[in-house]
Number of protein chains: 2
Amino acid sequence: MKKKTTLNDIAKTLKLTKVSISKALRDHPDISEQTRIKVKQLAQEMGYRPNLIARSLTSSKSKTIGVVVPKIAHNFFAHVVGGIQKIADKYDYEILLTVSDENEELEKQHIESLVAMQVDGLLVSVSMETKNTEIYQWIREMQIPLVFFDRYIPDLGFNSVIINDKEAARNGVEEMIMRGSKKIAHLAGYEHISIGKERRLGYKDALEKQGIEYDPSLVVEGGFGENSGYHGFKELASRGVEFDSIFAVTFPVGLGSYIAMREVDANMIDNIAMLAFGDSGVRGILPYPRYYVDQPGMDIGKKATELLLKEINGVVEPENKLVYMDTQFVETGKNFPVSEKNLLMT
Amino acid sequence: MKKKTTLNDIAKTLKLTKVSISKALRDHPDISEQTRIKVKQLAQEMGYRPNLIARSLTSSKSKTIGVVVPKIAHNFFAHVVGGIQKIADKYDYEILLTVSDENEELEKQHIESLVAMQVDGLLVSVSMETKNTEIYQWIREMQIPLVFFDRYIPDLGFNSVIINDKEAARNGVEEMIMRGSKKIAHLAGYEHISIGKERRLGYKDALEKQGIEYDPSLVVEGGFGENSGYHGFKELASRGVEFDSIFAVTFPVGLGSYIAMREVDANMIDNIAMLAFGDSGVRGILPYPRYYVDQPGMDIGKKATELLLKEINGVVEPENKLVYMDTQFVETGKNFPVSEKNLLMT
DNA sequence: CTGAAAGCGCTTACAG
DNA sequence: CTGAAAGCGCTTACAG
């Protein structure tokens with residue numbers, strides 16, 4: 001790499017000192033109109049760009065946000081990251097993006113190196129493996145701003161931007177029941193992860209409200225990816241219990257179960273109704289899931305980033321607040337008519 | 001934010017100097033066994049983490065890679081970013097991710113600020129608006145390592161990791177013809193973007209090879225997003241020309257055209273065969289596109305990153321080399337049987 | 001209006 | 001084996 005031109009380079013050819021150059025470039029009132037113009041012109045000619053690393057070191061602000069997502073190649077998280085980007089752009093922050101791949105150790109390592117890189121704050125969605133909260137307690141002690149999104153750990157003193165998982169699950173399952181579902185299986189997420197726990201509670205609530213008895217043999221617990229859905233369905237099928245519908249904890253789980261379903265009995269596809277959290281990103285075109293809870297990924301990303309920036313600027317205090325984003329129950333091809341206004345505007 | 005402990009903090013409580021601490025922590029042979037142990041223990045207790053910003057300033061290596069993608073909430077790019085991450089993790093680099101949103105000006109701004117942040121190298125996929133190449137020439141002059149992926153600008157002296165767009169398009173269109181397509185419309189991308197130009201050339205080649213006359217009224221030029229597909233189809237339909245098949249330059253274009261198709265005549269859906277570059281990420285389940293060119297997003301990301309790291313380490317010279325990644329022609333539900341081994345392993 | 005001094009947290013090269 | 005010096009590129013606070 002070629003050597004970049006520095007304040008000193010400009011200073012020398014102008015027989016001034018780097019301090020004056022620094023001031024001139026930042027329109028400091030100290031500097032006279034004419035030298036300011038002269039300086040800026042030369043800076044331009046010499047292709048000067050401030051070294052932001054050096055600036056960070058003096059200002060102890062890096063204008064950088066660290067992000068940890070469990071997965072990136074998944075519709076929902078990709079949209080969240082898109083939202084984060086939009087707000088970051090607006091306020092002139094850059095994003096250090098890391099992916100935990102649902103791995104607790106990787107998550108911890110990434111957080112540590114982001115902190116070592118002096119990010120001004122962190123945005124994290126917890127991996128499905130994470131059980132040890134030490135690293136987060138340390139972040140809290142260090143008073144490093146952090147906002148959770150989608151998957152959070154409660155009672156650690158951090159704000160979280162999430163959807164109302166329990167409520168949305170209850171509503172979704174009730175809608176299925178009103179549309180004729182009688183025996184609804186649940187491919188559930190781990191209980192120790194917020195979304196797994198809450199969605200399952202919503203499922204139970206819906207059954208109770210509709211006077212249907214909760215049957216544990218209709219529930220299979222697992223992770224949040226396609227593999228879990230695939231094996232979850234196989235497990236379910238092997239139990240020999242009857243069901244006419246499935247509530248999948250995430251879209252990937254629904255997708256995995258659908259693939260398993262094809263193998264077990266292709267006819268099921270038309271006869272088993274499926275509800276999932278999240279969609280494929282190809283709205284209304286995919287026949288599965290028949291019903292889904294539309295999660296506003298981009299809005300979650302935006303909101304979480306705005307909140308984090310407020311904490312960074314000391315406008316908002318970190319606490320255990322949960323900020324809920326609205327979701328929508330969608331019946332494929334019905335209340336989401338495919339038309340121009342639903343284009344993703346890309 | 002609480003003040004982090006520094007080398008000096010450790011030095012003081014140990015009545016040593018920061019230099020010795022620095023050496024001790026990095027296992028420099030200068031330091032005696034016992035003080036090394038003492039230092040490390042105290043560092044641990046005091047929760048010391050090196051300030052990577054400071055280290056960057058002295059070492060003039062930031063261990064950071066800047067990435068510019070046109071879109072992030074799109075299956076293909078999300079997979080590419082996933083691949084970039086994997087390799088970055090492996091070699092202990094962090095990723096500064098930016099999104100140009102297909103906007104030339106934003107792209108330029110992001111590149112400038114990434115350079116100002118002293119990234120060790122850049123990975124970029126050019127926005128569909130980009131016509132001015134000045135910023136890239138400057139990058140070249142500054143000898144900052146840069147590798148293009150998917151969408152590149154030729155003859156600027158950078159290596160690019162791409163698919164063989166022309167070849168894959170030719171092959172795909174020929175496959176359609178062999179399956180009975182006779183009049184294939186093309187929703188094409190802009191000519192000034194590599195993938196737009198090459199895919200169109202492939203389309204023409206296929207027609208020629210199969211003895212079908214090229215008909216300009218079957219080609220609509222536009223961008224690479226859903227909107228372009230939507231309006232492209234409407235334009236096509238308005239021309240009153242006959243066609244039995246569509247070749248869409250990207251998956252989003254195919255999706256947009258499909259939505260428009262539904263509006264114009266829902267029956268078309270079963271009668272018009274569609275070929276697109278890229279898929280939905282929900283392999284084999286979506287009825288559209290009937291045919292697609294499977295683009296190995298993750299592999300492209302990995303390969304581009306590996307190449308970039310080699311340039312950063314001076315092992316590979318930047319030149320105008322094009323590295324091609326393999327693609328595969330897929331007929332939905334046919335040569336991509338839905339089964340466990342096709343799970344995305346998530 | 002311009003400059004000399006000090007410092008951000010670290011590393012490298014040179015003394016002792 | 002330990003330390004004093006110098007520097008990475010910038011900014012802040014204080015003199016003149």
Side-chain angles (χ1 to χ4, degrees), chain A residues 1-40 42-43 46-64 112-113 115-120 142, chain B residues 1-40 42-43 46-64 112-113 115-120 142:
Chain A
M1 217 180 296
K2 225 164 123 186
K3 200 182 162 308
K4 291 168 184 160
T5 101
T6 72
L7 288 184
N8 241 332
D9 297 335
I10 303 178
K12 275 179 195 154
T13 80
L14 241 40
K15 303 222 188 292
L16 287 172
T17 141
K18 60 183 173 184
V19 184
S20 305
I21 308 297
S22 170
K23 284 178 181 166
L25 290 174
R26 284 175 298 142
D27 289 322
H28 193 106
D30 263 6
I31 305 295
S32 72
E33 175 84 22
Q34 58 171 11
T35 74
R36 199 189 317 154
I37 292 175
K38 212 168 49 179
V39 167
K40 284 192 175 177
L42 185 62
M46 298 178 72
Y48 173 77
R49 324 268 156 153
N51 179 331
L52 263 27
I53 290 268
R55 188 177 282 175
S56 295
L57 195 58
T58 60
S59 68
S60 61
K61 285 267 159 249
S62 65
K63 289 285 244 171
T64 258
E112 287 186 337
S113 75
V115 169
M117 296 195 76
Q118 315 300 116
V119 294
D120 291 341
M142 294 298 292
Chain B
M1 217 181 294
K2 225 164 124 185
K3 201 184 160 310
K4 291 166 185 162
T5 100
T6 70
L7 288 184
N8 241 332
D9 297 334
I10 302 178
K12 274 179 195 156
T13 80
L14 240 39
K15 302 219 189 293
L16 286 172
T17 142
K18 60 183 175 185
V19 183
S20 306
I21 308 297
S22 170
K23 284 177 181 166
L25 291 174
R26 284 175 298 141
D27 290 322
H28 194 106
D30 263 7
I31 304 296
S32 73
E33 173 85 22
Q34 58 172 10
T35 74
R36 198 189 318 154
I37 292 175
K38 213 168 49 181
V39 168
K40 283 193 176 177
L42 185 62
M46 297 179 73
Y48 172 77
R49 323 266 156 153
N51 179 330
L52 263 27
I53 290 269
R55 187 176 284 175
S56 294
L57 195 58
T58 60
S59 68
S60 61
K61 284 266 160 251
S62 64
K63 288 286 243 172
T64 258
E112 287 186 338
S113 74
V115 170
M117 297 194 76
Q118 316 298 119
V119 294
D120 292 342
M142 294 298 292

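No experiment lies behind these values; they were computed from the predicted model shown.
If you check every strand for non-hydrogen atoms under 4.0 Å, A/Thr6 touches sugar and phosphate atoms only.
For the OP1/OP2 pair of D/dT12 and a distance below 4.0 Å, the side-chain nitrogens and oxygens of A/Arg26 include at least one atom meeting the criterion. Contact annotation: B/Ser22 side-chain N/O to C/dT11 OP1/OP2 distance is under 4.0 Å.
Protein atom CG of B/Asn8 is 8 Å distant from nucleotide atom P of C/dC8, rounded to whole Å. B/Asn51 places its CG atom 18 Å from the P atom of C/dG7, with the value rounded to the nearest Å. Rounded to whole angstrom, the span from the CE atom of A/Met46 across to the P atom of D/dG9 amounts to 13 Å. Taking atom CE of residue A/Met117 and atom C1' of nucleotide C/dC10, one finds them 15 Å apart after rounding to whole Å. Rounding to whole angstrom units, NZ of residue B/Lys61 and C1' of C/dG9 are separated by 20 Å. In this structure, B/Arg55 atom CZ and C/dC8 atom C1' are separated by 16 Å, rounded to whole Å. Protein atom CG of B/Leu7 is 14 Å distant from nucleotide atom C1' of C/dT12, rounded to whole Å. Here C/dT11 presents its C1' atom at 16 Å from CD1 of B/Ile53, a figure rounded to the nearest Å.
Side-chain atoms of A/Ser22 do not come within 3.5 Å of backbone N or O of A/Lys18 as any donor-acceptor pair.
Counting heavy atoms from C-beta on, the side chains of B/Thr64 and A/Met117 come closer than 4.5 Å. Between A/Ile53 and A/Gln118, the closest side-chain pair of non-hydrogen atoms is not below 4.5 Å. Side-chain contact between A/Thr35 and A/Leu14 is absent, with no heavy-atom pair separated by less than 4.5 Å. Side-chain atoms of A/Val39 and A/Ile31, non-hydrogen and from C-beta on, never get closer than 4.5 Å to each other. With a 4.5 Å cut-off on side-chain heavy atoms, A/Arg49 and B/Glu112 count as touching. Contact of the B/Ile21 side chain with the B/Leu42 side chain is not registered, since no non-hydrogen atoms from C-beta on lie closer than 4.5 Å.
Atom-to-atom distance recorded for B/Thr6:OG1 and B/Lys12:NZ is 7.5 Å, nearest 0.5 angstrom.
With the 3.5 Å cutoff on both pairing distances, Watson-Crick and G-U pairs in DNA chain D assemble into runs of at least 3 at C:1-3 with D:14-16, C:5-12 with D:5-12, C:14-16 with D:1-3.
Comparing the same atom, P, in C/dT2 and in D/dG9 gives a spacing of 24 Å after rounding to whole Å.
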Name the pairs: protein N/O against N/O of nucleotides 1-5 of chain C, kept only if under 3.5 Å.
residue: C/dT2; atom: OP2; partner: A/Thr35; partner atom: OG1; Å: 3.3
residue: C/dT2; atom: O4; partner: A/Asp30; partner atom: OD2; Å: 3.3
residue: C/dG3; atom: OP2; partner: A/Thr17; partner atom: N; Å: 3.3
residue: C/dG3; atom: OP2; partner: A/Ser20; partner atom: OG; Å: 3.1
residue: C/dG3; atom: O6; partner: A/Lys23; partner atom: NZ; Å: 2.6

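Between A/Met142 and B/Lys3, the closest heavy-atom pair is CE-O, 4.3 Å.
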